[in-house]
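Here is the naming used below: chain letters follow the sequence lines, and residue numbers restart at 1 for every chain. A quick note: this is a predicted structure, and the numbers were derived from the prediction, not measured.
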Amino acid sequence: MTARICADHDEAVAGTADGATVLVGGFGMAGMPVDLVDALIRQGAMDLTVVSNNAGNGDTGLAALLAAGRVRKVICSFPRQVDSWVFDGLYRSGRIELEVVPQGNLAERLRAAGAGIGAFFTPTGAGTPLAEGKETREIDSRVQVLEYPVRGDLALIKAHVADRMGNLVYRRTARNFGPVMATAAATVAVQVDRVVETGTLDPEAVVTPGIYVDRIVPVERGATG
Amino acid sequence: MTARICADHDEAVAGTADGATVLVGGFGMAGMPVDLVDALIRQGAMDLTVVSNNAGNGDTGLAALLAAGRVRKVICSFPRQVDSWVFDGLYRSGRIELEVVPQGNLAERLRAAGAGIGAFFTPTGAGTPLAEGKETREIDSRVQVLEYPVRGDLALIKAHVADRMGNLVYRRTARNFGPVMATAAATVAVQVDRVVETGTLDPEAVVTPGIYVDRIVPVERGATG
Amino acid sequence: MSPRTKDEIAAAIARDIADAHPGGAFVNLGIGQPTLVADHLPPGSGVVLHTENGMLNMGPAAHGEDIDPDLINAGKVPVTELPGASYFHQADSFAMMRGGHLDVCVLGAFQVSATGDLANWHTGEPDAIPAVGGAMDLAIGAKRVWVMMTLFDKQGRPKIVPECTYPLTGLGCIDRVYTDLGTFEVGSGGVRALELCGISAAEISARLSPLAVS
Amino acid sequence: MSPRTKDEIAAAIARDIADAHPGGAFVNLGIGQPTLVADHLPPGSGVVLHTENGMLNMGPAAHGEDIDPDLINAGKVPVTELPGASYFHQADSFAMMRGGHLDVCVLGAFQVSATGDLANWHTGEPDAIPAVGGAMDLAIGAKRVWVMMTLFDKQGRPKIVPECTYPLTGLGCIDRVYTDLGTFEVGSGGVRALELCGISAAEISARLSPLAVS
């Protein structure tokens, strides 16, 4: 199925099941698909597992999803930030599970899911509390930890421009987790600044090929052209 | 050390030691760094292990390196081609070793070398003669084979344009093994169609960041500008 | 109905791809006969072709002035680029394949077993030079992997077999086989004829014996 | 010579990076004090800064109209882009790091052990929310990983210790520690003072005891 341009963000997150694992792009607010997360709040799915680098900032976007009580578990590298009070409160009162994963292992586990890699050995985290209970092996005189893929049912990402076939380019460091998450979820919804005609993007510069993209929403209505 | 523009191809392959493992880019002739391979023949290193998708075409480039008796072993996915008579003769007379690796596993093993991944489980090849003697494990109801990184002492690749910091872009399907091989070798030499001033390439469209590149040669003298 | 020509087999595959994927599909066509499938895809099918040497939305073969040595398919034939194309390196291209993102892959074969094992890379002859290319990656690298081949080899021996005698390319990876004499499902349920062309069910059963064909 | 200020420590690190890499270097500066190093790099040092959220050739912090919310560093501070920059996604960025392509990484720390273990991500307090970010990747992700910190904590306890009591970030990954009171090598050879600032060798030995400082 090639990518579909959605009428609005609600259409892009329609059908998300209770208990789904949702990958949410962004590093802080750069690349954070705020409008799609807002749509997911309206959509109402419960008991979600959210995979994202952070655990929400301020009171909007991912923080609002958490505040609405929709999230059972967060898998992330860096929940604690100056403005992560929503997560902090839920965590301290035992109302949310947390799996902390080193940022590079998180990215590589997402890539592995998208790339059909069953598991991989990485030196990151070896000998630390985050590798406790995990299989290790010495390879090349270095202790390495066996890590498994992280897959999503849905990925919500933000890109800069899409063409009508779903090819994506990003903007600067807002690229961050978008391209790997786009490969790692059964359904991939993307909010973009604008949609252009197919053939407009330079084939050499496409970062996420359309094969990975299912649903596209331009952030502002009318930003299709 | 940032990338250096070399005066000629000989400078780009200088210092290659006997017994070195050399990664050679290209899929057939697309992306094949013919001028660098010719320089390696002149340079004279013996007893090489060559890692490349194919094992030479016709009588030039990689085939000429093989014909010169410089190569002890070839690691590749597809040695046999209509015009691989040089390799075929050496192989049939027992004068060259061959390790056949599925193309995707070869690419992933090169990536693993560049990405600091100690080993990975892949479903490709499971149950086939190419997985004989390798460790396997069932993951996600699928038999997977443990594969290890393939590293080079030297990589020879061909790109389209470089800037003076070594950032590279490629041309169409000539991109093939270049970007992964560039990450997987201690020294990376690149022949390019031209060198442009730093700041000319679009930072969003750089495929191989300059950190991976050591030596650059424009194919035609004077193609620096 | 007589046995199918290569083009008729390709047309049947093209039609089945289009029918099964009304919203478009991402497809890899193996080297050789499977490339014929591209010529039979209905206009507007939305099928996007992947070539494992690093491209999506590959166009037809290039001729004359359109030939660009940097733009080739997995069979090293010069091809063209369609609007919406993208290029990527080998690790990304095989990640796309291994990760199960392609809808259909069509391959040639020496043999397919009743349980869907594939042998298509090596005749096993002692002096043959082994060369696998992307065959093993393709075999496990799509949601559905189909084979296009003649049902019998030049010596008249069946190519759908109880167990492959040639070296394997992949285990239990094939679910459908398109041949000159019909289309067959293979897999955990054994061999089932979906369609026969120019041959009776009785004759198929006799010639594929001891395989049971339902 | 008196104890070094943060800027003096940063200047010492910047000088050592430039001296050790006359042809330029690829460097990652951790969140917090290590970012000061950038301000002290000599003109023309050829140092290219990596930020693990996906960029090479990062420029100084952005101000006023130059602020672009899509262009931030790992500390989420708006930054600028220098000519020759490139952007890449998280898997590629950490592949670059884990693969050992960076020359130097400079990190802050709670504790460094005599053998080079690093503790810098978690105080281990029971109600603290664990947050690691890229710390563990950075700790093992450069040819040389250096620490910039005060030698003693606010309670006066040494931060170079026989064995880390805080949860570890990485094992044996640090080879040099730059502090207000001097620069130290750590690793298999134990602790060695390369330079002392405003403190005598005898006093260092006494205050780091039972650690042996050579």
Given heavy-atom pairs under 4.5 angstrom as the criterion, report whether the side chain, backbone, both or neither of [X] touches chain A.
{"X": "B/E204", "result": "both"}
{"X": "B/E108", "result": "side chain"}
{"X": "B/Y170", "result": "backbone"}

Quick one: side-chain hydrogen bond (donor to acceptor under 3.5 Å, both in side chains) partners of A/Q191, sequence neighbours excluded?
->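 By the side-chain hydrogen bond (donor to acceptor under 3.5 Å, both in side chains) rule, A/Q191 matches A/D35.
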Count the heavy-atom pairs under 4.5 Å between each of B/E135, B/H160, B/R142 and chain A, then report the option with the highest count.
-> B/E135
List the atom of [X], the atom of [Y], and the distance in Å for their closest heavy-atom pair.
{"X": "A/A205", "Y": "B/A205", "result": "CB-CB, 3.9 Å"}
{"X": "A/I117", "Y": "B/Q144", "result": "C-OE1, 4.4 Å"}
{"X": "B/G118", "Y": "A/I139", "result": "O-CG2, 3.6 Å"}

Which members of residues 171-181 of chain A, sorted by number, sit under 4.5 angstrom from chain B on a heavy-atom basis?
-> A/R171, A/R172, A/R175
